[in-house]
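See below for the structure under consideration.
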Number of protein chains: 2
Amino acid sequence: MMISEVAERTGLSISTIRFYEKSGLCPFVQRGSDGKRRFSKTDADWLELLASLRSTGMPLVEMRAFAELYASGDGKVPERKAVLLAHRRRLEDRQAELDRCRVILDRKLKRYDEIIKDQA
Amino acid sequence: MMISEVAERTGLSISTIRFYEKSGLCPFVQRGSDGKRRFSKTDADWLELLASLRSTGMPLVEMRAFAELYASGDGKVPERKAVLLAHRRRLEDRQAELDRCRVILDRKLKRYDEIIKDQA
DNA sequence: CTACCTACCTGAAGCTACTTTAGGTCAAGC
DNA sequence: GCTTGACCTAAAGTAGCTTCAGGTAGGTAG
C-alpha cells in the first residue's frame, strides 16, 4: 500500500505519516526498491490506531512509548494494556469537558435568543 | 480580582491568560496604578467561556473573531450565536471521535486480555 | 532599616505537533 | 522528449502554549 492510500484510510495527512515515522511511531515500514514506503495491512492498522489515540489527546511521547512496547512483541502486552487503560480514563475526562461545554453553550445560546427577540 | 484568582477559577494558567490578552482575546482588562491586571467578574466569566471553548477545540483565530464581536456589543449577537452554533457542531464531531476511540480501545483491551490469559 | 519573600510584570526563547516549502527522483502518457 | 503526478528529503514556518531571565512593589522577620 502506498502512503496516499494509508493517509486516506487513517485520516492522517501524508506529511503526518512521514513525521510519525521519523518520530519513531512506526519505524518498521518497509521501502520498495524505488525508495518509496510500502505499508502492509498491519502497518495501516497500527497507524489507524495511532490516529485514533492522537485525535483523542494522547501525546506523542506516550504514543512512542506505546510503539516501543508494540515493537517488542506480545511479552509487553500487559504494559500495552496499561497504556490503553490510562487513555480510556483520559477519554472520560474529555467526555466530561465536552458535556460541560455543551451545557455552557446551550445556556449562552438561549440568552442570545432572548436578546435577539428583544431587539426585534 | 488578581490574575492568580482568575487562573484558579478558569483552569487557565497565568501565562496563558497573559498570552490571551496579548493575542487580543481580552483586550479590555484594566490595570491598577501598580500596573497589575485587575479582572472584573465579567472579565473572569468571559475567560471562563474562552477556556471552555478552547479546551473543546476552538482555534485561537476563531476565538479572536468571537472576542471582537463580543467587544462590539449586543448588535453582534446574531453573529456571536453563529460562532457558538458552529462550535456546537464541532462538539458533536469530537463526541463521535471519542466514541469511536472507545470502541477501538475496548476491542483492543479484550484482545489483550485473551493474549494475557493464553500466556498464563 | 535592610534583607528577603511573594506576587505580579515584560520580552524572548523553547517546546510540541504538525504543515508548508523548496528542490529532487522516477515511471507513465502524450 | 517533455510534461504530469506520486513519491522522496531536509528545512523553515505555524499554533498554542510554557519556561526563563530579569525587574518592580509591598509585606514582614531580624
Side-chain angles (χ1 to χ4, degrees), chain A residues 1-40 43-44 46-68 87 90 94 97 101, chain B residues 1-40 43-44 46-68 87 90 94 97 101:
Chain A
M1 206 183 302
M2 296 298 269
I3 198 168
S4 57
E5 196 182 338
V6 179
E8 212 170 318
R9 286 160 75 124
T10 59
L12 298 170
S13 77
I14 290 178
S15 321
T16 301
I17 295 171
R18 294 204 267 245
F19 170 70
Y20 280 5
E21 189 194 35
K22 200 158 52 175
S23 309
L25 298 181
C26 53
F28 39 72
V29 174
Q30 302 298 310
R31 301 287 180 123
S33 54
D34 52 2
K36 299 181 179 175
R37 294 173 183 81
R38 294 301 146 86
F39 298 82
S40 68
D43 296 345
W46 170 248
L47 279 165
E48 207 174 333
L49 174 59
L50 287 189
S52 187
L53 295 173
R54 186 68 200 92
S55 76
T56 53
M58 184 181 287
L60 284 208
V61 62
E62 199 171 326
M63 283 169 55
R64 192 152 94 203
F66 187 52
E68 276 159 22
H87 190 63
R90 191 149 33 200
R94 298 232 149 186
E97 233 160 39
C101 186
Chain B
M1 203 185 306
M2 296 297 269
I3 198 168
S4 57
E5 196 182 339
V6 179
E8 211 169 320
R9 286 159 75 123
T10 58
L12 297 170
S13 77
I14 291 178
S15 322
T16 300
I17 295 170
R18 294 205 267 247
F19 169 71
Y20 280 5
E21 190 194 32
K22 201 156 51 171
S23 310
L25 299 181
C26 54
F28 40 69
V29 173
Q30 301 297 310
R31 302 286 181 125
S33 55
D34 51 2
K36 298 181 179 175
R37 293 173 184 82
R38 294 300 147 88
F39 297 83
S40 67
D43 295 345
W46 171 248
L47 280 164
E48 206 175 333
L49 175 59
L50 287 189
S52 187
L53 294 174
R54 186 70 199 89
S55 75
T56 53
M58 185 181 286
L60 285 206
V61 61
E62 199 171 327
M63 284 169 55
R64 191 151 92 205
F66 186 52
E68 275 159 23
H87 190 63
R90 191 150 31 203
R94 297 230 149 190
E97 234 160 37
C101 186

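Chain letters run A, B, ... following the sequence lines, proteins first, then strands; residues in each count from 1.
Looking at residues two or more places apart in sequence or on another chain, you find a side-chain contact (heavy atoms from CB on, under 4.5 Å) between B/S52 and A/C101, A/I104. Here B/S15 pairs with B/S13 under the side-chain contact (heavy atoms from CB on, under 4.5 Å) rule; sequence neighbours left out. Every side-chain contact (heavy atoms from CB on, under 4.5 Å) that A/A67 has, sequence neighbours left out, goes to A/W46. Taking the salt bridge (charged side-chain N to carboxylate O under 4.0 Å, His left out) definition, one finds that A/R18 meets it with nothing, sequence neighbours left out. By the salt bridge (charged side-chain N to carboxylate O under 4.0 Å, His left out) test, B/E62 pairs with B/R90, sequence neighbours left out. Residues that satisfy the side chain to side chain donor-acceptor pair (under 3.5 Å) test with B/R38, not counting sequence neighbours, are B/D34. Take A/E21 and apply the side-chain contact (heavy atoms from CB on, under 4.5 Å) test, not counting sequence neighbours, and it matches A/C26, A/V29, A/R31, A/R37.
If you measure from atom CG of B/D34 to atom C1' of D/dA25, you get 8 Å, rounded to the nearest angstrom. B/I17 places its CD1 atom 15 Å from the C1' atom of D/dG16, with the value rounded to the nearest Å. Protein atom NZ of B/K22 is 11 Å distant from nucleotide atom C1' of D/dC17, rounded to whole Å.
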Are any protein N/O atoms closer than 3.5 Å to N/O atoms in nucleotides 1-4 of chain D? If there are, list each pair with its distance.
none

Please produce a list of atom pairs where a protein N or O lies less than 3.5 Å from an N or O of nucleotides 18-22 of chain D.
from	atom 1	to	atom 2	distance (Å)
D/dT18	OP2	B/S13	OG	2.8
D/dT18	OP2	B/T16	OG1	2.4

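Proximity of residues 52-68 of chain B to DNA chain D (heavy atom under 4.0 angstrom from any strand atom) is restricted to B/R54, B/P59, B/L60.
Rounded to the nearest 0.5 Å, atoms CG (B/L47) and OH (B/Y20) are 9.0 Å apart.
Phosphate contact (OP1/OP2 of C/dA17, side-chain N/O of A/Y20, threshold under 4.0 Å): absent.
Residue pairs that meet the salt bridge (Lys or Arg N to Asp or Glu O under 4.0 Å) test with at least one member in residues 8-17 of chain B, sequence neighbours left out, are B/E5-B/R9.
Taking every heavy atom of both residues into account, A/M2 and A/F39 meet most closely at C-CD1, 4.1 Å. Listed here is the closest heavy atom pair of A/L12 and A/I17: CB-CG1, 3.9 Å. In plain terms, the two heavy atoms of A/R64 and A/G24 that are nearest each other are CG-O, 4.0 Å. When all heavy atoms of A/T56 and B/E97 are compared, the pair lying nearest together is CG2-O, 3.9 Å.
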Q | B/S/- contact track for nucleotides 3-10 of chain C, protein heavy atom under 4.0 Å | A | -----SBB
